S.K.: 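What follows is a single structure, and I will ask about it in a moment.
A, B, ... follow the sequence lines: proteins, then strands. Residue 1 opens every chain. Every value quoted in this text rests on a predicted model; they were computed, and no experiment measured them.
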Protein chains: 2
Amino acid sequence: MALQDAVALKRNEEGIAAAVAILKQRFGERAQTGQAIREQHGHTTTYVPTQAPDIVIFAESAEEVQDVVRICGEHRVPIVPFGTGSSLEGQVNAPAGGVSLDLSRMNRIIRVNADDLDCVVEPGVTRRELNEYLRDTGLFFPIDPGANASLGGMAATRASGTNAVRYGTMRENVLALKAVMPDGRLITTAKRVKKTSAGYDLTRLLVGSEGTLGIITELTLKLYGIPQAISGGVCPFPSVEAACRTVIETIQMGIPVARIELVNTLQMQALIAYSKLPYEPQPYLFVEFHGSETGVAEQAELFGEIAAENGGGPFQWTANAEERDRLWRARHDAYFSVLPLRPGAKAVATDVCVPISRLADCIGETEADLTETGLIAPVVGHVGDGNFHLQLLLDTENAAEIEKAEAFMDRLALRAIAMEGTCTGEHGIGQGKMKYLELELGGAVDFMRSIKRVIDPDNIMNPGKILRV
Amino acid sequence: MALQDAVALKRNEEGIAAAVAILKQRFGERAQTGQAIREQHGHTTTYVPTQAPDIVIFAESAEEVQDVVRICGEHRVPIVPFGTGSSLEGQVNAPAGGVSLDLSRMNRIIRVNADDLDCVVEPGVTRRELNEYLRDTGLFFPIDPGANASLGGMAATRASGTNAVRYGTMRENVLALKAVMPDGRLITTAKRVKKTSAGYDLTRLLVGSEGTLGIITELTLKLYGIPQAISGGVCPFPSVEAACRTVIETIQMGIPVARIELVNTLQMQALIAYSKLPYEPQPYLFVEFHGSETGVAEQAELFGEIAAENGGGPFQWTANAEERDRLWRARHDAYFSVLPLRPGAKAVATDVCVPISRLADCIGETEADLTETGLIAPVVGHVGDGNFHLQLLLDTENAAEIEKAEAFMDRLALRAIAMEGTCTGEHGIGQGKMKYLELELGGAVDFMRSIKRVIDPDNIMNPGKILRV
């Protein structure tokens, strides 16, 4: 699907050769052209073939990023920013070759401002590194997309994850950015304040721009106090509808649920087989509450009542950390439990997001579609946001099966869009979902394209992603 | 201060005459050129003289907005969108004449989606109208900038207010917009979903753009369940520092305070005189908690303990609605209590926002500056966000005093910026703060300008605001 977008991009052979020579001289051992390292940096987690860059540069400072951008700008050579390579829609692929700019060595935590509940970090810091660093401060950074992604990459792809229902996504949690723009200038998008009404919101223009407008070299992020108490539990439901109705009523009641994850019947079957846990093959919600000790107990009790009114339960919950981990283990194992459903297959992830009132319909129609198509794809969902994920188990060598999967994913994206939803809740557009963007947003995409063209007139910043220019 | 920016703009007399003639024919009685109505639509709440538009059009639909934009586009005539006229930095002034596009008659509430906690409204709906409409649904829209502003205007200026510490600003609470762009096209910036990672965030590019990029014709807004219980109270402190330290520790503890407002000594003196309330002339915090009954009691108790540790108190609080209103009455009267401090003076509002760790310093230095300058300006602050407001009581006929006030406001903005803060927490840039924007964000403003130029090449959308192009 992304392939045709990708192969349409022409390589600027002359410019690439010139830039590679200059970069090798400038960066020495931190300029790598070995095949393995290039392929690793152009690796997609999709079935789209790897399109390796010509060279990988390991930058160690914003000044070095500026040097790379200026050299590439002069020779009109693509730059693909790289964090940990955990993006899911081909964002790090290099369809026109060029430079993969690896920012993983820019991994300093510059400041933690405990009084202000914020911190300033370089883009290569991963979310786990940040939280380990913060451990003794009583603070944490909540956004958790699953993978131990880099914070720069998470901002660039507008990542979210299980905690978003309570704490928001990267959209809400980045206060300011420094970024190297296509002309080589380093800009600061905002001051280190909780709110501002000073001019256009360049912070949020860069968040989610997937490296197509500039390269993030520093992030100011919101932090939160580690909750005094956490309660969590699991609850079975007779149907996805009953589970979704429970989620809706829980949120309407103003119960500040911190995580609320749906696991569908097929995913539970996989988990039961994989984790040998005493659950039934039916939809489950995994729930977590953050607050004071009395607060989390009260919230859990209320949730249990709402679930019971919707035919769910028993809701098993606890405020004890070890027991909570035991109850939640199944959810954590979801990713690994899937592959044994079809040994030898590759798991290809996709996601959509719809208004929560349409979630049960969207999942139901999708499950029926899978049954009809004969594809295997368990569902997990960040249902508080109306967001759900499928892991399609595919034989990626089988062209007919890939075609079938592509047709299914087309239907999934269009189904979500028809339900007032989006083709991508938290994976971005990358290469994989370019064809859906215009279907979803129509004429608005022309204005995105105008912005791209005026900021990056030579299209050197991650070309072939998000938009055709 | 804004004046020199304003007078530099040239009027396109020929284009204006042509557009006015066409608009009169097209809109009949809904095209008004009387002096009073024109002046009311160009009225600033500052001391900057009114710069009236040439004509006021009362639009009733997006199609009519498109007509106005196309007519003005063809004749290169400025369009100044107008909601209720409560903006504070000259946003509705018409420095180059043209059309004031009054959207107050586009005031339909199109849909309320209770299950999704969102609603779709036209831009002329005011926040109070929306909340009155929602009353029986158990839902509410929390953003409260004080004035009964239109929701379109609140989005355009990225408004916030007392509830922002808990619920965020318009930045976090607009899910999607429809807007008429300068070429007359109507776009939809996003689907009706809680989160998305589909392309550039045009929603947040328009939020805070003050009508300079497009005209908002529809908003999808987040709603919240009305809290089961609300507790609130007032607490005196020996100093602004002690109050700010209490705020910092309250937020660090994760106490989900819904409002936390600082009133400084001078403002309390004004209130004591105006409202005859039994308070002392010293800094106070006014606090409100939203949650369950046990939750808000627990939060109030905890807050009281933190306040006491910082030398504050006694903290008087209640969960009874009438008593809470009585305790909070002083805060509500703050606006009106100010004028008697200097009879005959005009109150000119300004605000800045700094990291909360710098708030006590910033207020302290500002109070000292006022004393030295001899200006009278009580302080109230949305201190959970590091945001505070001054109401300068000025004789606006006195040029020397205006000069003194401008010099003071320059120092205030630069002081906030030097403390990693912003020259405008929630009033926008408008005309009044254009000169500070470059000081605050430097080279980033060039990219704002590029975006403005590519989206609005003829500079017809609210020219003379935010940026010089």
S.K.: Would the distance check show the side chain of D115(B) and the main-chain N or O of S357(A) forming a donor-acceptor pair, the cut-off being under 3.5 Å?
M.R.: no
S.K.: Need one label for R453(A): side chain, backbone, both or neither, based on atoms under 4.5 Å from any heavy atom in chain B.
M.R.: neither
S.K.: Does any heavy atom of chain A fall under 4.5 Å from the side chain of I429(B), the backbone, both, or neither of them?
M.R.: both
S.K.: Go through E89(B) and T350(B) one step at a time and tell me if the side chain to side chain contact (heavy atoms under 4.5 Å, CB included) criterion holds.
M.R.: CA-CA 8 Å; E89(B) 292 294 349; T350(B) 191; 4.3 Å; yes
S.K.: Run the salt-bridge test on D361(A) and R415(A) with the 4.0 Å N-O cut-off and return the result as yes or no.
M.R.: no
S.K.: Heavy-atom distance under 4.5 Å to chain A: side chain of S450(B), backbone, both or neither?
M.R.: both
S.K.: Starting at CD1 of I455(B), measure out to CE of M181(B) and round the result to the nearest 0.5 Å.
M.R.: 4.5 Å
S.K.: Using a distance-only test with no angle check, is there a side-chain donor-acceptor pair under 3.5 angstrom linking T189(A) and T203(A)?
M.R.: yes
S.K.: Should E438(B) and R468(B) count as an ion pair when the cut-off is N to O under 4.0 Å?
M.R.: no
S.K.: Given heavy-atom pairs under 4.5 angstrom as the criterion, report whether the side chain, backbone, both or neither of N387(A) touches chain B.
M.R.: side chain
S.K.: Sort out for me which of S292(A), P227(A), A176(A) touches chain B most, counting heavy-atom pairs under 4.5 Å.
M.R.: S292(A)
S.K.: As an exercise: rank L302(A), L213(A), L223(A), V354(A) by heavy-atom pairs under 4.5 Å with chain B and give me the winner.
M.R.: L213(A)
S.K.: Identify which part of E210(A) has an atom lying under 4.5 Å from any heavy atom of chain B, answering side chain, backbone, both or neither.
M.R.: side chain
S.K.: Count the heavy-atom pairs under 4.5 Å between each of E426(B), R171(B), M419(B), M253(B) and chain A, then report the option with the highest count.
M.R.: R171(B)
S.K.: Can you tell which part of T424(A) gets under 4.5 Å to a heavy atom of chain B, answering side chain, backbone, both or neither?
M.R.: both
S.K.: Can you tell me how far the CG atom of L175(A) sits from the CG atom of D116(A), to the nearest 0.5 Å?
M.R.: 9.5 Å
S.K.: Output the distance between atom CD (Q299(A)) and atom OG1 (T250(A)), rounded to the nearest 0.5 Å.
M.R.: 10.5 Å
S.K.: Tell me, side chain or backbone of I356(B) under 4.5 Å from chain A's heavy atoms, or both, or neither?
M.R.: both
S.K.: For a 4.5 angstrom cut-off between non-hydrogen side-chain atoms, does T212(B) reach D456(B)?
M.R.: no
S.K.: Examine whether an atom of Q252(A) lies under 4.5 Å from a heavy atom of chain B, and if so say whether it belongs to the side chain, the backbone or both; otherwise answer neither.
M.R.: both
S.K.: Please flag which part of Y200(A) lies under 4.5 Å from any non-hydrogen atom of chain B: side chain, backbone, both or neither.
M.R.: both
S.K.: If you count heavy-atom pairs under 4.5 Å with chain B, which of T422(A), N113(A), T196(A) comes out on top?
M.R.: T196(A)
S.K.: Check each atom of E420(B) against the heavy atoms of chain A and say whether the ones under 4.5 Å are side chain, backbone, both or neither.
M.R.: both
S.K.: Is R204(A) in contact with chain B via its backbone, its side chain, both, or neither, using a 4.5 Å heavy-atom distance?
M.R.: both
S.K.: Examine whether an atom of D183(A) lies under 4.5 Å from a heavy atom of chain B, and if so say whether it belongs to the side chain, the backbone or both; otherwise answer neither.
M.R.: side chain
S.K.: Rounded to the nearest 0.5 Å, what's the gap from CG on L139(A) to SG on C119(A)? Could you check?
M.R.: 9.0 Å
S.K.: Among H290(B), E172(B), H427(B), E440(B), which has the most heavy-atom pairs under 4.5 Å with chain A?
M.R.: E440(B)
S.K.: Please state whether the side chain, the backbone, both or neither of I251(A) comes within less than 4.5 Å of a heavy atom of chain B.
M.R.: both
S.K.: Who wins among G208(A), G421(A), G443(A) for the most heavy-atom pairs under 4.5 Å with chain B?
M.R.: G421(A)
S.K.: Can you say whether H382(A) sits under 4.5 Å from chain B via the side chain, the backbone, both, or neither, judging by heavy atoms?
M.R.: side chain
S.K.: Just give me the residue among T294(B), V445(B), L359(B) that pairs up with chain A most often, heavy atom to heavy atom, under 4.5 Å.
M.R.: T294(B)
S.K.: So how far is it from K433(B) NZ to S197(A) OG, rounded to the nearest 0.5 Å?
M.R.: 7.5 Å
S.K.: Please tell me if the side chains of F303(A) and I260(A) come closer than 4.5 Å, counting only heavy atoms from C-beta onward.
M.R.: yes
S.K.: Using non-hydrogen atoms only, which part of I417(B) is less than 4.5 Å away from chain A: side chain, backbone, both, or neither?
M.R.: both
S.K.: For chain A, which candidate among C353(B), G199(B), G386(B) shows the most heavy-atom pairs at distances under 4.5 Å?
M.R.: G199(B)
S.K.: If I measure from the heavy atoms of chain B, does L467(A) come under 4.5 Å with its side chain, its backbone, both, or neither?
M.R.: side chain
S.K.: For residues V257(B) and F289(B), determine if any side-chain heavy atom of one lies less than 4.5 Å from a side-chain heavy atom of the other.
M.R.: yes
S.K.: In a check of salt bridge (charged side-chain N to carboxylate O under 4.0 Å, His left out) between D118(B) and each of K222(B), R111(B), R192(B), which one passes?
M.R.: R192(B)
S.K.: Within the distance-only criterion (no hydrogens, no angle test), does the side chain of K195(B) pair as donor or acceptor with the backbone N or O of G425(A) below 3.5 angstrom?
M.R.: no
S.K.: Quick one: does any side-chain atom of R449(A) pair with a main-chain N or O of V469(A) as donor and acceptor, under 3.5 Å?
M.R.: no
S.K.: With only heavy atoms counted, which part of L441(A) is less than 4.5 Å from chain B, the side chain, the backbone, both or neither?
M.R.: both
S.K.: Does any backbone or side-chain atom of D351(A) lie under 4.5 Å from a heavy atom of chain B? Answer side chain, backbone, both or neither.
M.R.: neither
S.K.: Among V247(A), I226(A), D446(A), single out the residue with the greatest number of heavy-atom pairs under 4.5 Å to chain B.
M.R.: D446(A)
S.K.: So for L202(B), is it side chain, backbone, both, or neither that comes closer than 4.5 Å to the heavy atoms of chain A?
M.R.: side chain
S.K.: Please classify the contact of K452(A) with chain B as side chain, backbone, both or neither, using a heavy-atom distance under 4.5 Å.
M.R.: both
S.K.: Could you have a look at I451(B), I466(B), I255(B), D201(B) and say which one has the most heavy-atom pairs with chain A under 4.5 angstrom?
M.R.: D201(B)
S.K.: Of the listed residues (A179(B), S160(B), G295(B), G254(B)), which shares the most heavy-atom pairs with chain A below a 4.5 Å separation?
M.R.: S160(B)
S.K.: Counting N and O atoms only, with roles assigned by atom type, does the side chain of R358(A) sit under 3.5 Å from a partner on the main chain of A416(A), one being a donor and the other an acceptor?
M.R.: no
S.K.: Relative to chain A, which segment of S209(B) carries a heavy atom at a distance below 4.5 Å: side chain, backbone, both, or neither?
M.R.: both
S.K.: Any non-hydrogen side-chain atom of V165(B) less than 4.5 Å from a side-chain atom of K194(A)?
M.R.: no
